[in-house]
Amino acid sequence: MMPWRQARRRLNPRINDEDAWITLARLLRSEGVFKSIVIAVAFAMIASVILILRSDVVPYRQGQYVAHDITARTDFIYFDAKTFEEVKNKAAVAQPRVFKESRLVWDDIQQSLIALPDRVKGQKLENLGIELSGVLDNATLGRLQEIADQNPRPAWEASVKNFVAQLSRLDLIVLDENVRSEQIANGRKIEIVGVGSRFPQYTYSPSMADAISQRIEGPAKENFAGGIWPKIAFLTKLNLVGAPTHEIDELATQQAENAARASVTRDQGVKRYAANQTIVPAGRIDEVYWPILREESRAYRQSLGKRIAVLEYVGIVGAVTLITISLCVYISRFAPRIVRNHARAVCFAALLLSTLLIAQLTAIGTTHLYFSGIAPTILCAMILSIAYDQRFALGIAALHAALVTIAVGQGLSFYLVLLAGSSMCCLTIDDLRSRSRLIEVGGFTAFGLMLSTMCVGLIDGDPLEFVMTDVLWSGAAGIAVGFIVLGILPFIERAFRITTSMTLLELADTGHPLLRKLAQEAAGTYNHSMQVANLSEEAVAAIGGKALLARVGAYYHDVGKMNKPEYFIENQGHGAPNRHMTLNPNVSMLIITGHVKDGIELAREYNLPTSLFPFIQCHHGTTLVEYFYWRAVKQEEERSGEEAEVPEHQYRYPGPKPKTKEVGIVMLADAVESICRTLDEPNASRIEGIVKDVIARRLNDGQFDECEITMRELHLVEKSLIRTLLGIYHARIAYPSNQQSDTPQSSTEIKTA
């Protein structure tokens with residue numbers, strides 16, 4: 001982002017103010033600042049909308065400890081769903097359970113008694129079944145047989161019918177033993193279909209035979225002769241106690257209970273609280289009190305009125321604007337490429353907003369704040385540390401923590417915990433060379449979070465039990481973020497177009513399909529790339545750069561030569577004719593420079609990360625292809641017979657020039673390795689001269705104009721390249737052949753090996 005004063009210097013001082021503004025607008029538009037401002041404004045607007053949701057956040061959390069009673073700030077009513085459900089359950093339980101006849105008991109008794117004379121007709125007492133032989137005696141048997149001889153026998157049938165009719169009016173209800181005991185235990189009435197409701201104490205169970213007999217004896221005496229009625233009463237009792245006369249009607253009972261539930265009005269679940277009334281006593285806020293606090297908070301905000309709400313929204317927008325401005329200034333100072341790269345800026349804004357939204361939404365719910373409120377900021381800090389650098393990630397995480405603290409309605413203690421966790425995360429995630437490193441970073445972050453949570457909890461005076469609960473939750477947040485980032489790391493690399501050391505180590509494996517293909521089809525180029533990688537890694541490490549990135553970039557910088565390997569000198573066998581000798585210099589130049597374009601196509605085909613593309617595109621920069629340029633000049637002179645000039649730009653690589661130190665060093669390593677390979681007798685002075693000459697020529701040619709490498713760093717690179725090349729081309733012992741004498745070598749010869 002161009003500052004105002006610098007922009008004014010670039011304007012013509014003689015133009016009027018209107019032209020100045022137009023020129024400034026064009027300047028800002030050309031540098032992409034307008035789009036960056038639009039993204040920043042959109043970020044501020046969305047963040048403000050998210051923070052406005054904080055009006056639904058309760059100042060307290062479920063499970064939190066409060067050292068004092070919490071009183072209502074305004075009158076409010078609270079609909080207690082639990083109480084309402086309890087009232088409905090009581091209404092349902094108060095309804096009698098409905099019972100229906102399980103069998104036609106009175107019809108069975110009547111038919112059995114009317115058929116009794118026929119059953120004993122012509123029978124002796126000992127021939128009757130067990131049921132009758134144990135009840136009847138000879139006198140009763142004789143009387144029944146006399147009745148059996150009558151046909152018809154209206155008197156007997158009338159007596160039986162009158163007897164059964166009187167019994168049915170007695171409401172003899174026989175229930176299952178367990179069912180009756182349960183009904184008596186819960187004090188719930190029963191409803192008998194066709195009879196009405198009654199208490200279960202006025203029913204009978206099969207074990208209450210004596211009580212049933214007493215109810216039967218009266219009607220039996222009235223309807224039967226003196227010798228017969230006891231037997232009739234006994235047989236009737238056996239029929240009644242043989243099985244329950246009634247059973248539960250589940251459908252009718254459920255319908256009655258549902259009707260009772262439906263009759264309960266909503267007002268019966270409403271509780272009314274007055275202002276300054278204690279709604280939560282000091283201690284732990286459990287699941288019973290937390291919904292009351294939420295309702296009180298909503299009622300209080302409504303009581304403030306629209307004017308207070310508007311003022312609060314203004315404050316939120318103002319705070320978000322200030323933080324957004326701080327973000328913009330910080331980004332333009334420490335990561336200006338985000339300002340220029342709008343796709344990256346959108347990803348960056350999306351990361352901050354999504355993690356802020358997660359924290360805001362979880363704060364509205366009942367999730368523990370020291371987990372759901374902390375994890376998003378730690379996640380943001382860890383991702384930015386991987387995508388950019390530690391300083392930048394820590395600064396952004398600090399501003400993000402401020403937004404989250406406002407969103408969840410917490411104070412300085414919570415912000416300090418977020419800041420401590422973010423600092424521990426950013427300062428420990430230096431180089432990801434293994435997946436376990438993320439888990440280690442998560443562990444360090446968890447330790448920082450736990451320690452800071454304990455400190456602020458003890459400062460606030462919370463009981464140790466509650467402090468330890470918060471400590472465990474915050475530690476879990478740190479560990480969880482480590483595992484989450486481990487799972488989404490490939491997506492992070494794609495979104496921010498970065499390559500972590502883990503991915504680089506995978507690409508550095510010589511078993512990679514593209515490297516294997518290079519070794520098979522262009523063995524000389526493959527060996528050249530390996531040597532360039534060694535030179536580049538040592539040189540980049542000497543200036544504190546990304547040595548692993550340089551090494552892997554050097555592995556793949558010449559993969560484009562696979563398409564036409566025979567046209568490159570390192571792949572031509574000894575004594576084989578050089579194919580370029582029969583080609584026009586223009587054609588040769590197109591073949592040589594074409595390996596850059598071919599390399600990019602292969603990189604895309606094999607899904608290489610974009611961070612390696614500059615090594616393929618820029619490892620020659622815009623340097624001159626000197627051999628074919630001078631061939632073209634010579635041919636032109638021979639053709640014209642006079643001194644000729646050929647435009648240099650026609651024989652230069654398309655570029656672009658290196659934009660990073662790592663790519664610039666690979667360019668130097670590529671050149672010096674190629675030249676040293678041609679030396680018949682490499683020695684220290686010749687190697688040193690070659691390295692210095694290559695660096696000077698690249699420097700004078702302007703190949704480092706777009707690279708941030710300094711002269712001091714170039715000096716360190718020079719020393720490193722010389723040292724590494726001397727290690728490669730060191731002097732060796734000249735071992736004698738079989739034809740030579742076995743004269744021992746001198747100590748001087750041995751020392752030079």
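Taking a cutoff of 4.0 Å between a charged side-chain nitrogen and a carboxylate oxygen, R54 and E312 qualify as a salt bridge. Ion pairing between a basic and an acidic side chain is recognised when a charged N comes within 4.0 Å of a carboxylate O; R73 and E296 show such pairing. With respect to the salt-bridge test (charged N to carboxylate O, under 4.0 angstrom), the residues E257 and K88 do not qualify.
Paired with H400 under the rule side-chain contact (heavy atoms from CB on, under 4.5 Å), one option of L356, I323, L418, L351 passes, and it is L356. Applying the side-chain contact (heavy atoms from CB on, under 4.5 Å) test between F414 and each of L419, V456, V404 identifies V404 as the sole match.
A cation-pi arrangement is absent between R272 and Y78 under the rule of less than 6.0 angstrom and at most 45 degrees off the ring axis.
In this structure, the separation between CD1 on I109 and OG on S168 is 9.5 Å, given to the nearest 0.5 Å. Atom OG1 of residue T445 and atom CD1 of residue I479 lie 8.0 Å apart, to the nearest 0.5 angstrom. Here the CD1-CG distance, from I216 to L172, works out to 6.0 Å after rounding to the nearest 0.5 Å. To the nearest 0.5 Å, the span separating SG on C425 from CE on M382 amounts to 3.5 Å. A distance of 9.0 Å separates CD1 in I184 from CD1 in I190, rounded to the nearest 0.5 Å. Between the CD1 atom in I114 and the NZ atom in K161 there is a gap of 5.5 Å [rounded to 0.5 Å].
D75 places none of its side-chain heavy atoms less than 4.5 Å from the side chain of S303. Side-chain contact between Y370 and V417 is present, with at least one heavy-atom pair separated by less than 4.5 Å. By the 4.5 Å heavy-atom criterion applied to side chains, V105 and V174 are not counted as neighbours. Counting heavy atoms from C-beta on, the side chains of P281 and Y289 come closer than 4.5 Å. Proximity of N178 to E182: side-chain heavy atoms (C-beta onward) are nowhere separated by under 4.5 Å.
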Could you go through the salt bridge (charged side-chain N to carboxylate O under 4.0 Å, His left out) check for E247 and R97 one step at a time? CA-CA 10 Å; E247 62 183 7; R97 297 178 76 179; over 6 Å; no
Go through it in stages, so that I can follow the logic: the residues are E295 and R298, the test is salt bridge (charged side-chain N to carboxylate O under 4.0 Å, His left out), and I'd like the CA-CA distance, side-chain angles, deciding distance and then a yes or no. CA-CA 5 Å; E295 187 63 30; R298 186 190 63 80; 2.2 Å; yes
Would S205 and R180 count as a side chain to side chain donor-acceptor pair (under 3.5 Å) if you check the C-alpha gap in whole Å, the side-chain angles of each, and the deciding distance to 0.1 Å? CA-CA 7 Å; S205 65; R180 183 175 181 274; 4.8 Å; no
Does the ring pair (Phe, Tyr, Trp, His ring centres under 6.0 Å) test come out yes or no for F371 and W473, once each step is laid out? CA-CA 5 Å; F371 180 82; W473 277 111; 5.8 Å; yes
Taking it one step at a time, do Q214 and D210 satisfy side chain to side chain donor-acceptor pair (under 3.5 Å)? CA-CA 6 Å; Q214 292 177 6; D210 294 339; over 6 Å; no
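More than 12 heavy atoms of other shown residues, nucleotides or ligands fall within 6.0 angstrom of atom CZ in R103. More than 12 non-hydrogen atoms from other residues, nucleotides or ligands lie less than 6.0 angstrom from CZ of F79. Few gaps surround OH on Y415; more than 12 heavy atoms of other groups in view lie less than 6.0 Å from it.
The closest donor-acceptor contact from the side chain of Q360 to the backbone of A407 lies under 3.5 Å. No side-chain donor-acceptor contact under 3.5 Å links E222 to the backbone of P219.
No hydrogens or angles considered: nothing links the side chains of D107 and Q111 as a donor-acceptor pair under 3.5 Å. Side-chain atoms of S207 and E177 include a donor-acceptor pair closer than 3.5 Å. Under 3.5 Å, the side chains of T453 and S474 contain a donor-acceptor pair of N or O atoms. Checked by atom type, the side-chain pair T405/Q410 shows no donor-acceptor distance below 3.5 Å. If you check the side chains of D176 and H246, you find no donor sitting under 3.5 Å from an acceptor.
Aromatic pair W156/F224: ring centres closer than 6.0 Å. Aromatic rings from Y300 and F76 are positioned such that their centres are separated by 6.0 Å or more.
Minimum heavy-atom separation, W229 to A220: CB-O, 3.2 Å.
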